[in-house]
Structures are given as structure tokens and as C-alpha cells.
Protein chains: 2
Amino acid sequence: MTTYYRIGDVAARTGCSPESIRHYEKLGLLPPPKRGEQGYRLYSQAALERIGFIRHGRSLGLDLHNIQELLELSDHPDTDCSAADDIASRHLAHLEARIAKLQALADELRQVVHQCRGGKAADCQIIQTLYEHQPSCSDTRCGDRQSLLK
Amino acid sequence: MTTYYRIGDVAARTGCSPESIRHYEKLGLLPPPKRGEQGYRLYSQAALERIGFIRHGRSLGLDLHNIQELLELSDHPDTDCSAADDIASRHLAHLEARIAKLQALADELRQVVHQCRGGKAADCQIIQTLYEHQPSCSDTRCGDRQSLLK
DNA sequence: CCTAAACCCTGTAATCGTTACAGGGCCAAG
DNA sequence: CTTGGCCCTGTAACGATTACAGGGTTTAGG
């Protein structure tokens with residue numbers, strides 16, 4: 001009647017590695033699946049769709065914690081879903097900040113790239129630049145730069 | 001004569017935590033510094049500048065491996081520095097790819113955000129969307145999406 | 001029948017850069 | 001003399017994934 005898939009099949013169908021699938025289970029994003037006679041995990045179609053949900057969320061850059069919250073909302077259809085909107089909005093803001101930051105880095109890099117074709121390291125503009133302090137940040141406090149970079 | 005700084009002073013001056021400084025030393029990016037009578041690390045002005053170099057590189061998003069390569073170039077001023085240009089160019093290309101990817105994610109997120117104000121989870125457009133397969137990637141192979149995200 | 005490949009299992013360690021401890025030593029001001 | 005502030009070393013945590021090690025089971029081919 002119902003079709004069940006082994007973890008390798010699920011991996012091929014969802015593009016999610018078996019290791020990740022087991023990882024999601026350990027973290028509680030996936031319920032423990034049925035087991036075959038030899039202890040093999042057996043996944044239903046619903047589980048496949050849940051994994052697709054997770055992968056889609058990951059591909060959007062959401063972390064597993066946020067995805068878990070979204071899954072819990074989905075598991076309780078009567079709940080108010082403004083939390084989902086919060087998560088998406090916050091993540092969008094996070095993305096936009098990261099984009100702006102990376103854009104600034106790329107701009108800065110573009111100014112030094114291709115400045116030292118064929119020269120010696122002693123004269124290299126890139127290395128020179130790295131030795132110079134950053135005007136924008138070494139003086140003013142901006143401790144959240146790293147977090148935006150990651 | 002020469003002034004030496006303890007690791008806490010260096011941290012205050014460079015914005016680099018003592019833990020990170022010790023970490024850079026363990027990885028070989030910083031030479032083992034002089035030690036005081038109590039075994040405290042003592043850093044010269046040159047070491048301060050080397051740490052500034054590392055931090056500037058990190059703030060550009062370079063990884064420590066690339067920074068180490070740049071430092072080695074800097075340590076051998078007679079070397080050809082086209083490798084530095086390679087590193088910077090590759091990183092710039094990497095940044096641009098990440099920006100494009102994040103831009104696409106942000107665009108996709110913008111389409112679903114604010115679609116479910118005050119509704120129930122069952123009708124939530126965000127959750128609905130996550131359950132739907134991604135057209136752009138689930139069919140075609142594009143395994144390097146994650147790497148661009150990070 | 002036998003064996004090698006291809007699965008699956010569990011648990012642990014690696015990646016990357018940083019932070020946070022634990023457990024200890026040293027010194028100065030209260 | 002005790003407290004707080006530095007410093008030391010070594011280890012574990014973070015997040016998500018990958019890569020093992022060490023073992024079991026099935027399947028296909030010879």
C-alpha cells in the first residue's frame with residue numbers, strides 16, 4: 001500500500017545526503033522513521049516532503065533552528081503564523097545586511113586587485129594595503145562585522 | 001629600548017581577542033613571541049602590525065589559509081607576488097558569486113514575506129512555499145549552492 | 001558456493017574561526 | 001590576606017556538513 005524508501009533512495013530523490021538526514025533526525029527536525037527488519041530507516045512520502053521543506057529552507061539560508069520553528073508551526077495548523085513571517089522578515093533583513101557588507105568588501109577588493117602584475121612582493125600593492133589600518137573600523141567601534149560576514 | 005606589549009594590550013590595540021592571537025600563533029601565522037619572566041607573551045611593534053595585517057585580511061573575508069600565504073609572500077620580499085593577485089582575484093570572484101546568490105535568495109524571500117499577516121499556519125504562504133520544490137535547482141544539478149551560501 | 005560491491009547501522013572526529021570555559025599561576029590594591 | 005585582574009595551557013562549544021572507523025546485510029557475478 002504505502003511506499004517506503006530507504007535512506008539512500010531518499011537522498012537521491014531529495015538531494016540531501018544520508019548523513020544530513022540522520023542529522024536532522026538526531027536534532028528532532030525529522031521524527032524517528034519506521035525501521036525495516038534489519039534496522040534500516042524507511043521513509044514515507046510525507047517524510048520526503050518534510051525533508052524537501054528543510055532543504056528548501058536551507059537553500060534560502062535559514063538555519064536549522066529557524067526551520068525547526070517553521071516545521072512546528074506547520075505541525076500545528078491552527079496556530080497563528082505571524083511567527084513565520086517574523087522569521088522570514090528577520091532573515092531577509094539579515095540577508096540584506098550581509099549583501100551590503102559583502103558589496104563593500106568587494107568594492108574594497110576591486111581597488112587592490114590587479115595592482116601588482118609581475119612585481120615583487122616588496123612592492124605589492126595588495127600586501128601594502130593589508131598592512132595599512134582600516135580607516136572605517138579600527139577607530140570606530142563596529143564589533144558586528146564578523147557576524148555579518150559569516 | 002624596544003617596547004613590548006602583553007597580550008591584553010595587543011588585544012586592546014588591534015581589536016583582536018587574546019584567544020584569537022594565541023590561535024594565530026598555534027596555526028603558525030604569528031611567530032612564537034618573546035616571553036617575560038612569568039611566561040607572559042611579549043609582542044613587538046612588528047608583531048602588532050602583523051596582527052593588523054591578519055585582521056584586515058579577515059575583515060575582507062579572506063580565510064586564515066589565504067592570509068598565511070599572503071604573509072609568507074610578505075616575509076619573502078623578493079618573491080614574485082602574482083600569487084597575491086591570484087588570491088585577491090579568486091576571493092573577489094567568490095564574493096561576487098556569493099553576492100549574486102544572496103541577492104537571489106533575498107528576492108525569493110521578498111516574495112513570500114508579509115503574505116500571511118494574522119492567518120493560521122495552515123494557510124501560511126511562507127510554509128506553503130517551503131513545501132513546494134524549488135524549480136531552479138531540484139531538477140538541475142547545482143551542488144555548489146551551499147558553499148556559496150556560507 | 002563464495003566473494004566483492006553496495007548498501008545500511010552507530011558513534012566519533014574533522015572542517016572553519018572564534019568564544020568559553022576549567023584549573024592553575026602571578027601580582028597589586030584594598 | 002583576600003580579592004580581582006591579568007596571564008598560562010588545554011579542551012570543548014558553536015552550525016551544518018562531511019568523513020571516517022568498525023560492523024552487519026543483501027545482492028550480483030563468477
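In what follows, chains carry the letters A, B, and so on, assigned in the order in which the sequence lines appear, proteins first and then strands, with residues in each chain numbered from 1.
B/H91 places a side-chain N or O within 3.5 Å of a backbone atom of B/L60 that can act as its donor or acceptor partner. The backbone N or O of A/L62 lies less than 3.5 Å from a partner atom in the side chain of A/R58, making a donor-acceptor pair. Checked by atom type and distance alone, the side chain of B/S74 never pairs as donor or acceptor with a backbone atom of B/L70 at under 3.5 Å.
As rounded to whole Å, 11 Å separates atom P of C/dG17 from atom CZ of B/R55. Summarising the geometry, the separation between OH on A/Y43 and C1' on C/dC7 is reported as 14 Å, rounded to the nearest angstrom. One interatomic measurement links the two molecules: CD1 of A/I21 to P of C/dT10, which rounds to 13 Å at whole-angstrom precision.
A sub-4.0 Å separation between OP1 or OP2 of C/dT10 and a side-chain N or O of A/R35 is present. In terms of phosphate contacts, B/S20 brings a side-chain nitrogen or oxygen within less than 4.0 Å of OP1 or OP2 of C/dT19.
Rounded to 10 degrees, the angle separating the terminal axes of the helix from C/dC1-D/dG30 to C/dG30-D/dC1 is 30°, with each axis obtained from five end pairs.
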Given protein heavy atoms under 4.0 Å, the one-letter contact record of nucleotides 25-30 of chain C, with B base, S sugar-phosphate only and - none, is simply BSS---

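Sorted by first and then second residue, the pairs that involve residues 40-51 of chain B and meet salt bridge (Lys or Arg N to Asp or Glu O under 4.0 Å), not counting sequence neighbours, are B/E25-B/R41, B/R50-B/D75.
Among the atoms of the strands shown, only primed sugar atoms or phosphate atoms (P, OP1, OP2) are found under 4.0 Å from some heavy atom of A/R41.
With D/dA19, C/dT18, D/dC6 as the choices, the nucleotide that has an atom nearest any side-chain atom of A/E19 turns out to be D/dA19. Taking every side-chain heavy atom of A/R58 into account, D/dA16 is the closest of D/dA16, C/dC7, D/dC7.
Side chains of B/E19 and B/H23: a donor-acceptor N/O pair is absent below 3.5 angstrom, by distance only.
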